[in-house]
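Beneath this line is the structure, given in structure tokens, with notes to follow.
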Amino acid sequence: MNRILRYSLYFVFSLLCIGVASYAFYFFYQQINIHNAFHLKFSYHNLAVPGHMIGSGVALFLAPFQLSHQLRRNSPRLHRILGWLYVFAILIGSISGVMLAVNAQGGWVSGLGFSLLAALWLTSTTLAVCYIINDDIVRHHRWMYRSVALTSSAVTLRIFLGIGTGIFELSFLTVYIPTAWLCWIINLMVCELLLRSAFFSENYSVSR
């Protein structure tokens, strides 16, 4: 992949992650609006809300740094510290995400989609940790890419909601229910294509 294109995509990805993470922190400090159904759903789980917002927000904020080749090469110790913080944030964000999925907008269909996302998110991150502990760097990187793909489903979710409700003027639930599945399925599909392309082999010696 062309280096300029790769860096451009990384820059856009970083901006989107940091932007959505900032929104998560901002939403956490908002006052509950009793006329907003989304706010009311969140108000049912007082502990899960801050856990999900802070945990997912921190993980999303750190995701671009964990993908940085320069950081891994020049500051491996900082990479490890941020990596453990990323893992801990996902642990909190995924568990609280399952708790929130019980009362997700759109009922059990969207709730199941978000529950599967949380389970795969935690599983892929756990596998990445297990592989790096065993010094299997290639597989660690592969599973970290999958973890970040699931982390960034928060970005894809909001892009789809913006396009569906803003550009096509569809109702919120009409967009929200399928997006609860598509936001992470599409991300994983793109991730797998990248892992099987020159994108991955350009940076790592891959042995399947």
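Computation of the quantities below employed the complete heavy-atom set of this structure, encompassing side-chain atoms and omitting hydrogens, waters and symmetry-equivalent molecules. By convention here, the first residue in the shown sequence is residue 1.
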Going from CD on Gln105 to CG on Leu100, what distance comes out if it is rounded to the nearest 0.5 angstrom? 12.0 Å
Give a yes or no on whether Phe114 and Ile159 share a hydrophobic cluster (residues Ile, Leu, Val, Met, Phe, Trp, Tyr; joining criterion: side-chain heavy atoms under 4.5 Å apart). yes
Which residue pairs pass the ring-ring contact (aromatic ring centres under 6.0 Å, His included) test when at least one of the two sits in residues 78-105, sequence neighbours left out? none
Do Leu157 and Ile167 sit in the same hydrophobic cluster, where Ile, Leu, Val, Met, Phe, Trp and Tyr count as joined when their side-chain heavy atoms come under 4.5 Å apart? yes
Between Val175 and Phe168, is there a side-chain heavy-atom distance shorter than 4.5 Å? no
To the nearest 0.5 Å, atom OG of Ser115 lies from atom CH2 of Trp108 at 11.5 Å
Least distance between heavy atoms, Gly57 atom then Ala24 atom: CA-CB, 4.3 Å
Set of side chain to side chain contact (heavy atoms under 4.5 Å, CB included) partners for Gln70, sequence neighbours left out: Tyr7, Ser68, Arg73, Asn74
Would you mind reporting whether Phe25 and Val58 have side-chain heavy atoms less than 4.5 Å apart? yes
Single-linkage hydrophobic cluster Phe65~Phe11, side-chain heavy atoms < 4.5 angstrom: no
Between Gly51 and Ile92, what is the shortest heavy-atom contact and its length? O-CG2, 3.3 Å
Taking all non-hydrogen atoms of both residues, which atom of Ser153 and which atom of Cys183 are closest, and how far apart? CB-O, 3.5 Å
Is there a donor-acceptor pair under 3.5 Å between the side chain of Ser75 and the backbone N or O of Leu71? no
Qualifying residues under side-chain hydrogen bond (donor to acceptor under 3.5 Å, both in side chains), relative to Ser110, sequence neighbours excluded: none
Arg146 side-chain N/O to Leu188 backbone N/O, donor-acceptor pair under 3.5 Å: no
Once rounded to the nearest 0.5 Å, what's the spacing between atom CG of Leu67 and atom CZ of Arg72? 7.0 Å
I'd like to check Tyr145 versus Leu195 (side-chain heavy atoms, cut-off strictly below 4.5 Å). Are they in contact? yes
Side chains of Phe172 and Leu161, heavy atoms from C-beta outward: is any pair under 4.5 Å? yes
For Ser56, check side-chain hydrogen bond (donor to acceptor under 3.5 Å, both in side chains) against everything at least two apart and list the hits. His52
Looking at Leu62 and Leu82, what are the two nearest heavy atoms and their distance? CD1-O, 3.8 Å
Could you list the donor-acceptor pairs under 3.5 angstrom formed by side chains in residues 122-133, with sequence neighbours left out?
from: Thr123; atom 1: OG1; to: Ala119; atom 2: O; distance (Å): 2.7
from: Ser124; atom 1: OG; to: Leu120; atom 2: O; distance (Å): 3.0
from: Ser124; atom 1: OG; to: Trp121; atom 2: O; distance (Å): 3.1
from: Thr125; atom 1: OG1; to: Trp121; atom 2: O; distance (Å): 2.8
from: Thr125; atom 1: OG1; to: Ser147; atom 2: OG; distance (Å): 2.8
from: Thr126; atom 1: OG1; to: Leu122; atom 2: O; distance (Å): 2.7

How long is the span from the OH atom in Tyr23 to the CE atom in Met53, to the nearest 0.5 Å? 7.0 Å
Residue pairs, two or more places apart or on separate chains, that pass salt bridge (Lys or Arg N to Asp or Glu O under 4.0 Å) and touch residues 88-100: none
Minimal heavy-atom distance between Val148 and Ala63, with the atoms involved, is CG1-CB, 4.0 Å
CZ-CD distance between Arg142 and Glu192, expressed to the nearest 0.5 angstrom: 8.0 Å
So, taking the atom named CZ in Phe160 and the one named CD1 in Ile186, what distance separates them when rounded to the nearest 0.5 Å? 3.5 Å
Heavy-atom side-chain proximity of Trp181 to Leu116 below 4.5 angstrom: yes
What's the shortest heavy-atom distance between Trp184 and Gly113, and which atoms? NE1-O, 3.2 Å
Are the side chains of Leu150 and Ile90 in contact, using a 4.5 Å heavy-atom criterion? no
